[in-house]
2 protein chains.
Amino acid sequence: MSGSKCRSCGAPAVIDLPRHNAHFCAEHLQELCRRQMAKAIDDHDMLAPHDRVLVAVSGGKDSLAVWDLLLEAGYAADGLYIGLGIGTYSDVSGEHARRFADERGLRLRTIDLRDEYGYDVPTAAGATRRVPCSACGLSKRHLFDRAAREGGYDAVATGHNLDDEAAVLFGNALRWDLEYLARQLPVLPAANGFPRKVKPLVRLTERETAAWCLVRGIDYLVDECPIAAGNRHLGYKEALNAIERRSPGTKAAFYLGFLERMAPLLADGTAAASGALAPCERCGAPTTGAVCAFCRLVETAAAHDPVPVELVVGSKGGRR
Amino acid sequence: MSGSKCRSCGAPAVIDLPRHNAHFCAEHLQELCRRQMAKAIDDHDMLAPHDRVLVAVSGGKDSLAVWDLLLEAGYAADGLYIGLGIGTYSDVSGEHARRFADERGLRLRTIDLRDEYGYDVPTAAGATRRVPCSACGLSKRHLFDRAAREGGYDAVATGHNLDDEAAVLFGNALRWDLEYLARQLPVLPAANGFPRKVKPLVRLTERETAAWCLVRGIDYLVDECPIAAGNRHLGYKEALNAIERRSPGTKAAFYLGFLERMAPLLADGTAAASGALAPCERCGAPTTGAVCAFCRLVETAAAHDPVPVELVVGSKGGRR
């Protein structure tokens, strides 16, 4: 950045953003992040001013940034951290989440899979013989949904950024999975007992959320999940990054163009495929079967001998 | 291939095809190519048995393979080669096309842009200040269409392979260009004075068309167009190749899944956008204006001092 100046004020820049063809100082980088989140919330009717929000907190840059940005914007936002039992990675991520909350006097609930449900993600992967990311996603979705329901929250917010969403979109487009494509929206309204889900950071890249944390002094866990390393999702990210380097802005055009032009077409084409839902016999969560997928996972995984994380690292993780 | 055996007959293999999870000998590789072309022609109603076909011949592996495969399958197929004036590349590609035709006693018409229209592709690029691939594509489309019309051919066949089509599809999906997506079909029916266009090799990869040429003793031009090198289209190919290496079959699923599930949805959504067409005042080709885009290009490019190919190599080529 030596010598580069902020586009807004001319002060020394801390970051260059090729897709905006500009440099920004710390203050105007924050401005940009606030504006992009406000635009996402507004464009997609994500949140009303007095909504109570439950933030899915992992201790990484995106979840801490979205929590920080929502609080700063005046939303009532509590956090929920889920201990996934992924070795040192989980230990350290939990410390980051707790430190962020403690330093700011925020409310952070913690659920530990091993303590409360008798399994962890590596063991669930071993027990189900499916990709670890599948058991992990199922557990998180179920527990965030339930906590929101039980806590009376209006919405669950996640830190999914533009890079995440573009990579998932790419994966779904590679398969032309029209149902997944139709549901890949930055807001899913509350329905059938499931809480509203919102992704306020879909207009920000991961470089931008990392820069937000940096200039705000937020100490986040830099490491990626060791199990996810090498999964397809990360392969899609790499492919899009290579294209973005040649043509800055391609990724934003891909994701935002999808929302604008393609998603409406898909919504017409694949309406109302959801079957009838009834409460799970064991936990009360809405499900199409008698017992929900989470309770079935708990049953299988809790009966299995613990599997150390090293055994599942390098197995092929999937993601949607 | 040392020690690998053909899946069909157990003979020593000459090629491994990860997406088919198999090796093939020379004879059964040809079988596969014939079968895939026949399936593409059949699935998409590309050609009737007695259709007269004009093959767009560049001297590269794909165009010589499609010509060879069509003749072998019993179609009446003549060739048309267009001299684009891209330095040595064009000289050598023309030699390959002529040698293929001469050795087999085939009819190959040649149109030289410089001789017949007073320009070449590098000069057109310089004169229009647009990407060279744009002037090249416009010239080829126009001249193939006209030659088919004037020669009474039922269809123009091009050698576009699965890798080409997947990369173009990726580019169109990255922009969610719904009109381009809706028209990205392996057959475009004759309409408004334009001949039918067919792409019989869309189910074959470029590795497979190269292998076809190899085992058939077809001497093709291996070099890629020096102007296209580094263009976006090749960037999309590289990105998809990286994903294909991790998950063989992804590319075929991407393109064929599009045709099966997405294309029908788009056809409904974007019907009949074509405006009224009338004959071009100068050449008679169907056009929405008074003078067609090709005649306007000729006017601009032929008036321009010749631009040597070296001057446009490395400029950013686009493609659709």
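Remember, it's a predicted structure, so these values are computed and weren't measured experimentally. Letters A, B, ... mirror the listed sequences (proteins, then strands); counts begin at 1.
- With a 4.5 angstrom heavy-atom cutoff, Leu174(B) touches chain A via backbone and side-chain atoms both.
- Residue Leu240(A) touches chain B through its side chain alone, counting heavy-atom pairs closer than 4.5 Å.
- When heavy atoms are compared at a cutoff of 4.5 Å, Leu181(B) does not approach chain A at all.
- Within a 6.0 Å sphere centred on CZ of Arg261(A), heavy atoms belonging to other residues, nucleotides or ligands number more than 12.
- Heavy atoms of other residues, nucleotides or ligands lying less than 6.0 angstrom from CZ of Arg19(A) number more than 12.
- With values rounded to the nearest 0.5 angstrom, Glu238(A) atom CD is found 6.0 Å from Arg246(B) atom CZ.
- Not counting sequence neighbours, the partners of Thr123(A) by the side chain to side chain contact (heavy atoms under 4.5 Å, CB included) test are Arg114(A), Asp120(A), His304(A), Pro306(A), Val307(A).
- One distance of note links CH2 of Trp176(B) with CG of Leu169(A); it measures 5.0 Å at 0.5 Å rounding.
- Separating the CZ atom in Arg232(A) from the CD1 atom in Ile243(B) is a distance of 10.5 Å, to the nearest 0.5 Å.
- Heavy atoms closer than 4.5 Å to chain A are found nowhere in Glu260(B), neither backbone nor side chain.
- In this view, Phe170(A) and Tyr236(A), Phe170(B) satisfy the ring-ring contact (aromatic ring centres under 6.0 Å, His included) rule, not counting sequence neighbours.
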